[in-house]
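I have placed the structure first, in the form of structure tokens, so that the comments after it can refer back to it.
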Number of protein chains: 2
Amino acid sequence: MGRRRSVSAGEPLIWEDDDSLLVANVIEGVLKLTTSTADGREQIVGVAYPSDFIGRPFGQTSAASVVALTDARVCVFARNDFDRFAREHPELEHKLLERTLAELDRTRAWMMLLGRKSAPEKIATFLLDMSERLADNGCMTHTGPARHFTLPFSRQQVADLLGLTIETVSRQFTKLKADGVVALPSRRDVEILDRAMLETLAG
Amino acid sequence: MGRRRSVSAGEPLIWEDDDSLLVANVIEGVLKLTTSTADGREQIVGVAYPSDFIGRPFGQTSAASVVALTDARVCVFARNDFDRFAREHPELEHKLLERTLAELDRTRAWMMLLGRKSAPEKIATFLLDMSERLADNGCMTHTGPARHFTLPFSRQQVADLLGLTIETVSRQFTKLKADGVVALPSRRDVEILDRAMLETLAG
DNA sequence: CGCGATCCTTGACCGAAATCAAACCTGCCG
DNA sequence: CGGCAGGTTTGATTTCGGTCAAGGATCGCG
């Protein structure tokens, strides 16, 4: 059970306020979870990496849209089937509970960033977070924080993640580059030159 | 099992970065979950009402401090005991999973507010949210959104919840009063006079 | 290679919310 | 009742990040 499905970059998987018809496991790639206002402002409320679970079991509607950031492969299940199966398999529910609790912790840490951090702090925190996240998911050969990585986000998506505008994100990146804290070999590539400084800036 | 405990307003129950030694169920009262930066900025990342679960099972440290906003009664468990008990009772784990998923939904909706909404939108959203939350928890006799309620928050705490300063919160309250959208009979009391307008302002 | 589309950067300016500072309530306790 | 302390409101000013507006880079594709 569970159908494999490929999703190419930019393609949606679940719509906000959809009847929550499916859940999925990420096999490969990175996806964003977003909520939007009526007038088009967007906030990224979560990012799903390989092995992460997406969708909303035991609920009528999903609170967020899911869109692939990179080409991705996922394993999708009809929500009804999944719900039934989960209730019969406590080990699965336990695993899901642990993951959901961990996700809630991460989300709460991100609320601190959104509500109380300045633009420079947001950017520094973001880069450190990415260097850890991308190291843990087969995107890197060695473990531990990565010195160099390729962002799965465009500048606009970084802005939507941090609650900033694209211009502010761009300016902060430029500043970090000018100060020799990071190198930016291409639009999506980041090399951390001075991790200690980034950690100071992150607050 | 599970010891009853009274907590008076302002008293802490769990410290941030504590070894996560206990979990609890709220019986009566309201508590805040907060994270803080080294330099003292605070963000409220969750609010626990009667019947809500607090603490972090299956994890080494709790990500947030818990402090009572009003006098409260809780039922506390040693985390280790709770973890063991939960693993043996799938029904309990299922219940906890459902609650955690619901809390994650609420938290994500709040991220939208923190990252993308203006001060007037934040205040309007907050008041509507409170009118629903406080109606559901025995604080009101009838069900459905409340027209009048008593905030469990000081102005500073509202600011910490919305990612604003106390001055901005105060000014927005004053403006809503001047515009006849709400009445503020006392510091903590709110009466919604024009719900439709609040909903428009909430965006 | 060249063209166009898209994304990104940069600059000038503006405005919402923060900061700084000073009064003003409100409740409490002697 | 009077005075004090905490919390709150209000005002003046500053600043950070947003908005508006051009350019520039990069990529895909014929």
Side-chain angles (χ1 to χ4, degrees), chain A residues 8-10 32 37 39-43 67 69-71 113-127 150-179 182-190 201 203, chain B residues 8-10 32 37 39-43 67 69-71 113-127 150-179 182-190 201 203:
Chain A
S8 42
K32 65 172 178 173
T37 52
D39 61 338
R41 283 171 288 177
E42 183 166 313
Q43 176 67 47
V67 177
L69 293 174
T70 65
D71 291 345
L113 174 143
L114 290 174
R116 290 301 186 200
K117 290 196 175 179
S118 67
E121 288 173 327
K122 284 177 175 181
I123 296 286
T125 306
F126 165 73
L127 290 174
T150 300
L151 294 175
F153 302 103
S154 69
R155 291 288 184 272
Q156 181 60 61
Q157 287 158 354
V158 176
D160 290 341
L161 192 56
L162 300 179
L164 296 170
T165 60
I166 186 174
E167 293 95 331
T168 299
V169 172
S170 180
R171 277 185 253 268
Q172 295 300 327
F173 270 62
T174 303
K175 177 124 206 306
L176 287 177
K177 189 166 104 181
D179 294 350
V182 300
L184 304 170
S186 84
R187 287 176 170 188
R188 299 283 186 129
D189 287 315
V190 178
L201 291 173
Chain B
S8 42
K32 64 172 179 174
T37 52
D39 61 337
R41 283 170 288 176
E42 183 166 315
Q43 176 67 46
V67 177
L69 293 174
T70 64
D71 292 345
L113 174 142
L114 290 174
R116 290 300 186 203
K117 290 196 175 180
S118 67
E121 289 173 326
K122 284 178 175 180
I123 296 285
T125 306
F126 164 73
L127 290 174
T150 301
L151 294 174
F153 302 104
S154 69
R155 290 288 185 271
Q156 181 60 61
Q157 287 159 353
V158 175
D160 291 341
L161 192 58
L162 300 179
L164 298 170
T165 59
I166 187 174
E167 293 94 330
T168 299
V169 171
S170 179
R171 277 186 251 270
Q172 294 300 328
F173 270 63
T174 303
K175 176 123 204 310
L176 287 177
K177 189 167 103 179
D179 294 350
V182 301
L184 304 170
S186 83
R187 288 177 169 186
R188 298 283 187 128
D189 287 314
V190 178
L201 291 172

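Distance CZ (A/Arg41) to P (D/dG18): 12 Å, rounded to an integer number of Å. Residue A/Asp189 contributes atom CG, which lies 15 Å from atom C1' of C/dC7 at whole-angstrom precision. Taking atom CG on B/Leu162 and atom P on C/dA16, their separation rounds to 18 Å, with Å as the unit. Spacing between atom CD of A/Glu121 and atom C1' of D/dG17 amounts to 14 Å, rounded to whole angstrom units. For the pair B/Leu184 CG and C/dC24 C1', the computed distance is 16 Å after rounding to whole Å. The distance between atom CZ of A/Arg188 and atom P of C/dT9, rounded to the nearest whole Å, is 11 Å. For A/Arg116 and D/dC16, the CZ to P distance is 17 Å, given to the nearest whole Å. What separates CG of A/Leu151 from C1' of C/dC8 is a distance of 14 Å, to the nearest Å.
Counting heavy atoms from C-beta outward, A/Leu114 and A/Gln43 have side chains that approach closer than 4.5 Å. Between B/Leu201 and B/Leu176 the shortest side-chain heavy-atom distance falls below 4.5 Å.
Nearer to the 5' terminus of DNA chain D, by closest-nucleotide assignment, is the contact made by A/Gly163 (compared with the other of A/Pro185 and A/Gly163). For the pair A/Gln156 and B/Pro120, nearest-nucleotide mapping onto DNA chain C gives the more 5' position to A/Gln156.
Without hydrogens or angle criteria, B/Arg116 side chain to A/Arg41 main chain gives no donor-acceptor distance under 3.5 Å. A donor-acceptor contact shorter than 3.5 Å is absent between the side chain of A/Ser170 and the backbone of A/Ile166. Side-chain N or O atoms of B/Gln157 include one that pairs as donor or acceptor with a backbone N or O of B/Ser154 at under 3.5 Å. In this structure, B/Arg155 contributes its side chain and B/Arg187 its backbone to a donor-acceptor pair below 3.5 Å.
Using a 4.0 Å heavy-atom distance criterion, A/Arg155 is classed as a sugar-phosphate-only contact. Heavy atoms of B/Ser186 sit nowhere under 4.0 angstrom from any nucleic acid atom.
Residues from residues 165-177 of chain A placing a heavy atom under 4.0 Å of any atom in DNA chain D, listed by number, are A/Thr165, A/Glu167, A/Thr168, A/Arg171.
The residue from B/Leu151, B/Val190, B/Asp189 that alone fulfils the side-chain contact (heavy atoms from CB on, under 4.5 Å) condition with B/Leu184 is B/Val190.
For C/dC7, its base sits under 3.5 Å from the side chain of A/Arg187 at one donor and acceptor pair at least.
Ranking C/dC8, D/dG17, C/dA18 by closeness to the B/Leu164 side chain, first place goes to C/dA18.
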